[in-house]
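Structure record follows, encoded as structure tokens.
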Amino acid sequence: MGLLFTSEPDLFTTDGQLWGNPVFDWAYMESDGFSWWIQRVQSLTELVDVVRFDHFRGLAAGWVIPAGDATARGGRWERAPGAELFRAIEASLGHLPIVVEDLGIITPDVHALRMALGLQGMKVLQFAFDGDPDNAYLPHNYDRDCVVYTGTHDNQTTIGWFQSCSEADRQQVQTYLGTDGSDIAWDFIRLAFESVADMAIVPLQDVMRLGDEARMNRPGTAMGNWKWRYLSHQPVSYTHLTLPTIYSV
């Protein structure tokens, strides 16, 4: 029975996510100098300003399961090329603006890989408020070498998230921000842009102050996602806000 690359159990799904993706034949890819990866990244650079590698930890070691498993709980880590892949890309294409998704179960070797490669990781404000002042997603704990998001495509919108928080959690957010929470989406936008992070990324749904009716994706669900669309007649409540184009691989 074959193996599938998938997502380990995490904050979003206790059973993990079943993607149905076959495991890369890393030995073959390395034997031809990772040409498939180089061609893919080169094509992306013709379309976008910054490339984001989702599931970066899977390029240090990926979570694999037997193809017939009903959940991802019984998986194991399988090593991936890590630094060799990124060095081959840089050797062929030069230094590129790359952001990596270092979210989920991140072990010291994954942190070390990102640091060794000089790649920017991600901070998500919706993950910051668990009551721990040392939480890595709180802006006062950031280094400059990161990209901060109010939320990602996998999160609720900021308004939807705030409305679903417990009263105690909402109070913690309001105390940290010094606001009453009545304009929480823009409170988060301001917090992101005032942080020391090198870049801030804001979903358009937060810019437009939309709730979970505009949520993009619900991890672990196969249906009903990626349906929200911005329509030209909808008002956008911002001025002079310019963000680079980001594409995830």
Side-chain angles (χ1 to χ4, degrees), residues 4-13 16-24 26 29 34 36-65 72 75 77-86 88-90 93 96-107 109-115 117-127 136-137 145-156 192 197-205 215-222 225-226 228 243-249:
L4 297 178
F5 173 64
T6 187
S7 172
E8 73 280 3
D10 59 17
L11 292 172
F12 288 114
T13 51
Q17 300 176 48
L18 300 181
W19 296 330
N21 293 343
V23 177
F24 288 120
W26 288 120
M29 287 183 159
F34 301 104
W36 180 87
W37 285 91
I38 292 169
Q39 291 171 31
R40 185 177 185 188
V41 173
Q42 184 176 26
S43 295
L44 288 175
T45 61
E46 297 171 1
L47 302 173
V48 301
D49 301 302
V50 180
V51 175
R52 188 179 83 188
F53 276 75
D54 275 4
H55 307 288
F56 172 67
R57 84 127 303 126
L59 297 176
W63 188 256
V64 300
I65 62 171
W77 294 110
E78 183 170 289
R79 291 190 62 80
E84 288 77 8
L85 170 61
F86 285 91
I89 292 171
E90 183 168 9
L93 304 179
L96 298 174
I98 292 175
V99 177
V100 297
E101 184 200 35
D102 52 345
L103 307 176
I105 300 175
I106 304 301
T107 49
D109 61 308
V110 182
H111 284 299
L113 175 62
R114 183 182 69 79
M115 297 294 290
L117 294 170
L119 300 175
Q120 292 183 319
M122 292 174 54
K123 305 293 185 183
V124 180
L125 290 178
Q126 288 185 28
F127 295 159
Y137 299 108
D145 193 21
C146 66
V147 178
V148 58
Y149 292 69
T150 55
T152 74
H153 61 282
D154 283 333
N155 292 98
Q156 296 173 260
D198 279 344
M199 187 186 302
I201 304 294
V202 181
L204 188 57
Q205 294 96 318
R215 182 172 180 169
M216 188 64 76
N217 186 56
R218 290 172 173 80
T221 63
N225 297 314
W226 298 95
W228 182 82
L243 296 176
T245 305
I246 303 289
Y247 191 93
S248 300
V249 297

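Just so it is clear, the values below take in all heavy atoms, side chains as well, and ignore hydrogens, waters and symmetry mates. On a predicted model such as this, the values are computed, not experimentally measured, just so you know.
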Q. Residues two or more places apart in sequence or in another chain: which of them pass ring pair (Phe, Tyr, Trp, His ring centres under 6.0 Å) with Phe56?
A. Phe86
Q: Calculate, to the nearest 0.5 Å, the distance between atoms CG and CE belonging to Asp54 and Met122 respectively.
A: 7.0 Å
**Q.** Partners passing side-chain hydrogen bond (donor to acceptor under 3.5 Å, both in side chains) against Gln120 (at least two apart in sequence or in another chain)
**A.** Asp198
Q.
So which atom in Asp145 and which in Arg114 form the shortest heavy-atom distance, rounded to 0.1 Å?
A. O-NH1, 3.9 Å
Q) Could you give the distance from OH (Tyr149) to NZ (Lys123), rounded to the nearest 0.5 Å? A) 13.0 Å
Q.
Can you list everything that forms a side-chain hydrogen bond (donor to acceptor under 3.5 Å, both in side chains) with Asn225? Sequence neighbours excluded, please.
A. Asn217, Thr221
Q) Can you name the nearest heavy-atom pair linking Val99 to Gly121, along with the distance? A) CG1-O, 4.4 Å
Q: Heavy atoms only: give me the nearest Leu103-Ile106 pair and the separation to one decimal.
A: O-CD1, 3.3 Å
Q. Where the side chain of Gln126 meets the backbone of Gln156, is there a donor-acceptor pair that is under 3.5 Å apart?
A. yes
Q: Could you pull out all residues at least two apart from Thr45 that satisfy side-chain hydrogen bond (donor to acceptor under 3.5 Å, both in side chains)?
A: none
(Q) Just verifying a value: how many Å separate Arg52 CZ and Glu101 CD, rounded to the nearest 0.5 Å? (A) 5.5 Å
Q: For Trp36, enumerate each residue passing the side-chain contact (heavy atoms from CB on, under 4.5 Å) test, keeping only those at least two apart in sequence or located in another chain.
A: Phe24, Met29, Arg40
Q) How close do Ala83 and Leu113 get, heavy atom to heavy atom, and via which atoms? A) N-CD1, 3.5 Å
Q: Output yes when a side-chain donor or acceptor of Trp63 lies under 3.5 Å from a complementary backbone atom of Ala72, and no otherwise.
A: yes
Q: For Arg57 and Ala61, indicate whether the former's side chain and the latter's backbone hold a donor-acceptor pair under 3.5 Å.
A: yes
Q.
For Trp228, give me all partners under ring pair (Phe, Tyr, Trp, His ring centres under 6.0 Å), at least two apart in sequence or on another chain.
A. none
Q.
Is the terminal nitrogen or CZ of Arg79 (NZ for Lys, CZ for Arg) located under 6.0 angstrom from the six-membered ring centre of Trp26 and within 45° of that ring's axis?
A. no
Q. Given Thr152, which of Thr150, Asp154, Asn155 fulfils the side chain to side chain donor-acceptor pair (under 3.5 Å) condition?
A. Asn155
Q: Specify the closest pair of heavy atoms between Gly75 and Ile65, including all atoms of both residues, with the distance to one decimal.
A: CA-CG2, 3.6 Å
Q) Val41 and Phe53: side-chain contact (heavy atoms from CB on, under 4.5 Å), yes or no, with the steps? A) CA-CA 10 Å; Val41 173; Phe53 276 75; 3.9 Å; yes
Q) Can you name the closest pair of heavy atoms from Gly151 and Val124 and give their distance? A) CA-CG1, 4.0 Å
